[in-house]
Amino acid sequence: MDFSQHTVLCIGDIMLDRFFYGDIERISPEAPIPVLRKARVVEMLGGVGNVANNITSLGGKAIVIGLVGKDSQATVIRDVLLQKPAMTSALVETEHRPTISKTRFIAARQQIVRADEESNLALQPSEERDLIAAVERMIPGADAVILSDYGKSTLSLAVIAKVISLAQARGIPVFVDPKTKDFSRYRGATCITPNLKELALASGMAVDDEESVIAAARQVLAGAEAQAILATRSEKGMILVEAGGEVHTVAAKAREVFDVSGAGDTVIATMALACASGLSMAQAVQIANAAAGIVVGKPGTATADIGEVVQALNDEDASANQLHLRVQSHAEVDQMIQRWRAQGFTIGFTNGCFDILHSGHIALFEAARAQCDRLVVALNSDESIQRLKGPTRPINSFTKRARVVAAIRFVDCVTEFGDDTPFELIKRFVPDVLIKGADYTVDTVVGADVVTAAGGRVYLAPLIAGESTTNIISRSRERG
């Protein structure tokens, strides 16, 4: 999974988040309030800036557009952006409002007060004009767009409409984090990502369970003319409802929740990057869910890096393999391959009867797994083996053979095919690596043409001399 070649244009309310840490040792003589003695101050990007932080943490590139005032807070934001080589600043300076800043005063790990600086002034014509000009200038370099709406005036109706129109003209997706109950403001967006409270306000419906969330999402989809609604449900996970009727429910990862701050920014950043890289929204949700599970386990407004996300997805696969027998239907293998490809893994495929398992088979699986990240093994059905080897075979039924093969650590999943060859399965799965034993040549490997035409390769694994099921059966008969 590599997002390094993808750039997301992030436009919305840019903020400066300040954390003022200190100690309280006395009460003020001027009033019955504690005196906080400053120890240190931490400054970081907030609002759409935190979305951009998530983009770069995941390995992508971000272009940041937002309004800043002519003040020291704007200078700090620019300095922070300059220190981040994967971020491009396209900030718009205004004389009509201060830079939005939030200063949190913290003592003994407890926030005791927060001071905000912002203006309630509606977006002015000159600001709107300059923001649209910045979007027009920067969008040619973007593969996706995020509208990060915190309700602080940056995203006016005209700005939103222009951004979505420009993105549609370029064929790139637009993701929206809403802060209004009127989702029609975002008409034409690719995906809107409300939390449950936002979805309830927008739909005017209850969102108490999965069915009601889906109904509410469908209600607002029509008005927004969007392609999808992704409802984030905190500890209950996420539900993606697509305009075509598809629904994808993803359970939250079981972990201790330390702080949910910024989890929404992580979700929308991951969705945008994943879809920009060519993945479907259903695939992107799986990755976004893993990323969100990481950030809620960290204190403060945190981000997830790409290594942590890949590890979380690997752990998910390992857990699934421990809990369930790795024998899958063709449709289930399709889904597994989609998920693995979404994680950037290469898929290997080999096939055979594997009737009486022996050391030669183990050597084949080991060599095959060394050529790929995930290995799919297709077993001939009992009927297929009878046609190929006669009425006395197989010695072991498919169920028994599958259980044994699935228990081998080099094998990630097992499936069945009933034809004489696995050609139709290879056409369906299109693996990156097709593996057979060295008693074949590339020209005689079934499906080699399909795999190589798709940019994959064929690997011929070395054999152990004398090891075969037929030889084992012969030796057994000779001995009695």
Atom of Lys181, atom of Leu201 and distance for their closest heavy-atom approach: CB-O, 3.7 Å
Under-4.0 Å salt bridge between Glu128 and Lys162: no
Any donor-acceptor pair under 3.5 Å from Gln371 side chain to Val433 backbone: no
Side chain to side chain contact (heavy atoms under 4.5 Å, CB included) between Leu157 and Arg185, worked out: CA-CA 6 Å; Leu157 283 172; Arg185 288 171 58 89; 3.6 Å; yes
Residue from Gln227, Arg218, His248 passing side chain to side chain donor-acceptor pair (under 3.5 Å) with Glu242: His248
Under 3.5 Å side-chain donor-acceptor pair for Thr154 and Asp13: yes
Salt bridge Arg97-Glu118, side-chain N to carboxylate O under 4.0 Å: no
Asn54 and Ser57 side chains, donor-acceptor separation under 3.5 Å: no
Candidate pair Leu81 and Leu91, rule side chain to side chain contact (heavy atoms under 4.5 Å, CB included), full reasoning: CA-CA 10 Å; Leu81 287 169; Leu91 299 177; 3.7 Å; yes
Side chain to side chain contact (heavy atoms under 4.5 Å, CB included) between His96 and Leu67, intermediate numbers included: CA-CA 10 Å; His96 297 292; Leu67 286 174; over 6 Å; no
Heavy-atom donor-acceptor pair, Thr7 side chain to Ala142 backbone, under 3.5 Å: no
Sidechain-backbone polar pair: Thr193 side chain, Val176 backbone, donor-acceptor under 3.5 Å: yes
Side chain Asp71, main chain Ala74, donor-acceptor under 3.5 Å: yes
Thr346-Asp373 side chain donor-acceptor pair, cut-off 3.5 Å: yes
Polar side-chain atom of Gln5 near backbone of Phe3 as donor-acceptor pair, under 3.5 Å: no
Smallest separation among heavy atoms of Leu199 and Ala231, with atom names: CD2-CB, 4.0 Å
Distance-minimising heavy-atom pair for Leu425 and Ala378: CD1-CB, 3.9 Å
Cys413/Val333 under side chain to side chain contact (heavy atoms under 4.5 Å, CB included): CA gap, chis, key distance, verdict: CA-CA 8 Å; Cys413 80; Val333 177; 4.1 Å; yes
Donor-acceptor pair, side chain of Gln283 and main chain of Gln338, under 3.5 angstrom: yes
Minimum heavy-atom distance between Gln328 and Thr415, given as atom pair plus value: O-OG1, 2.8 Å
Validation row: Glu117, Lys102 side chains within 4.5 angstrom (heavy atoms): no
Side-chain (Asp412) to main-chain (Leu375) donor-acceptor, under 3.5 angstrom: yes
Nearest-0.5 Å distance that lies between atom CD1 in Ile132 and atom OG in Ser156: 6.5 Å
Closest non-hydrogen atom pair, Val241 against Ala217: CG2-CB, 3.8 Å
Any Lys152 side-chain heavy atom under 4.5 Å of Met15 side chain: yes
Heavy-atom pair of closest approach, residues Cys10 and Ile55: SG-CG1, 4.2 Å
Side-chain (Thr270) to main-chain (Ile287) donor-acceptor, under 3.5 angstrom: no
Polar side-chain atom of Arg170 near backbone of Pro140 as donor-acceptor pair, under 3.5 Å: yes
Ring geometry between His330 and Phe429 (parallel below 30°, tilted from 30 to 60°, perpendicular above 60°): perpendicular
Exam field: side chain Arg137 to backbone Ala90, donor-acceptor pair closer than 3.5 Å: no
Flag side-chain contact, heavy atom, 4.5 Å: Val64 against Val48: yes
